Amino acid sequence: MTTAPERITDLYPTRGTTEVASPRQDPVVWSAPGAPGPISAGHLADYERDGFLAIDRLITPDEVTAYRAELERLISDPGIRADERSIVEPQSQEIRTVFEVHKISEVFAALVSDPRVVGRARQILGSDVYVHQSRINVKPGFGARGFYWHSDFETWHAEDGLPNMRTVSVSIALTENYDTNGGLMIMPGSHKKFLGCAGETPKDNYKKSLQMQDAGTPSDEALTEFATAHGIRLFTGKAGSATWFDCNCMHGSGDNITPYPRSNVFIVFNSVENTAEEPFAAPMRRPEYLGARDFTPVR
């Protein structure tokens, strides 16, 4: 007689009847003190404290040119546009996001395995890593919509089944990030508290949430408390700059009503010791291009 595998303990309940804030149960930096890696001890301490690390130049101008050309190739390809992994801006009908780019494009696959990129992920997470999600984001001028405040981990836990906060994202700018064109905003230190959101997860919630969030959205009251406690940091920088940030950072971005586009490549690394279970607060898994089930380490 066989029995069903024991359900892993849910450290971060969410999508219940009420909104509940609770302390983080996991480390922020998982590697041992003094472990080798490209991040200095001082910058690693900053990441531990703030939940993010900004790098002025992760990739060179020539590399930016090459990655931008690949981005343009992908979003102008009718086959990519028709693919379910592409998300179209509701108003302009332009592509705003293409998911799983490390599988679609050899160029972006090479970026994922670049030591400057994966090396930092391994150092922060203290293990080998795999790609939980990758995408290119295109935020054209004159009306591209932003994304409301949220914690990525809340969704990845509720809908993808990631058990622990052992996941890190990197956003690499392929265009200049001004203070006016809808840049990334993070509440420093917000990663130390988990906000379990109220409301059940609808079936196929991802189809709506990729264009406009609903389930997993914090209340105005909770956001006011977080912002009062932590403040808000807006990230600007030249093309080639990068921002690493913890999976539980409260973050968002505004609309881009300027003439200046904002494009980036976004890679989410998860520890191979934190592989996805069944969703903790959703009726079914999201598609694998949103939450990978291939846990092969990046080499």
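Below, each value reflects all heavy atoms present in this structure, side chains not excepted, and no hydrogens, waters or symmetry copies. Being a predicted model, the structure only gives us computed values, none of them experimental.
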Practice prompt. Look at the aromatic rings of Phe52 and Phe235 and report parallel, tilted or perpendicular, splitting at 30° and 60°.
Written response: perpendicular
Discussion item. Working note: Ser171 + Asn264, criterion side-chain hydrogen bond (donor to acceptor under 3.5 Å, both in side chains); need CA distance, chi angles, decisive distance, verdict.
Written reply: CA-CA 6 Å; Ser171 175; Asn264 69 303; 2.7 Å; yes
Practice prompt. First locate atom CZ of Phe269, then atom CD1 of Ile124, and finally report the distance between them rounded to the nearest 0.5 Å.
Written response: 10.0 Å
Worksheet entry | Candidates Gln133, His132, Arg285, Arg293 - the one meeting side-chain hydrogen bond (donor to acceptor under 3.5 Å, both in side chains) with Asp160 | His132
Worksheet item: Could Asp114 and Arg116 be called an ion pair, given the rule that one side-chain N must be under 4.0 Å from one carboxylate O?
Response: yes
Worksheet item: For Arg49, does the CZ atom have more than 12 heavy-atom neighbours from other residues, nucleotides or ligands under 6.0 Å away?
Response: yes
Worksheet item: How about Glu200: does its CD atom have over 12 heavy atoms from other parts shown lying under 6.0 Å from it?
Response: no
Discussion item. Given Phe153, which partner from the list Phe280, Phe245, Tyr12 fulfils the ring pair (Phe, Tyr, Trp, His ring centres under 6.0 Å) test?
Written reply: Tyr12
Fill in: Steps toward side chain to side chain contact (heavy atoms under 4.5 Å, CB included) verdict (Lys193, Phe226)
CA-CA 9 Å; Lys193 184 178 287 186; Phe226 269 64; 4.0 Å; yes
Worksheet item: Should we count CZ of Arg68 as having more than 12 external heavy atoms under 6.0 Å?
Response: no
Worksheet item: Is the shortest heavy-atom distance from the side chain of Thr167 to the side chain of Ser169 under 4.5 Å?
Response: no
Practice prompt. Of all the heavy-atom pairs spanning His191 and Glu48, show the shortest one and how long it is.
Written response: NE2-O, 3.0 Å
Worksheet item: Given the rule in the salt bridge (charged side-chain N to carboxylate O under 4.0 Å, His left out) test, do Arg15 and Glu154 qualify, once you have shown the distances and angles that lead to the verdict?
Response: CA-CA 9 Å; Arg15 311 282 174 99; Glu154 194 279 336; 2.6 Å; yes
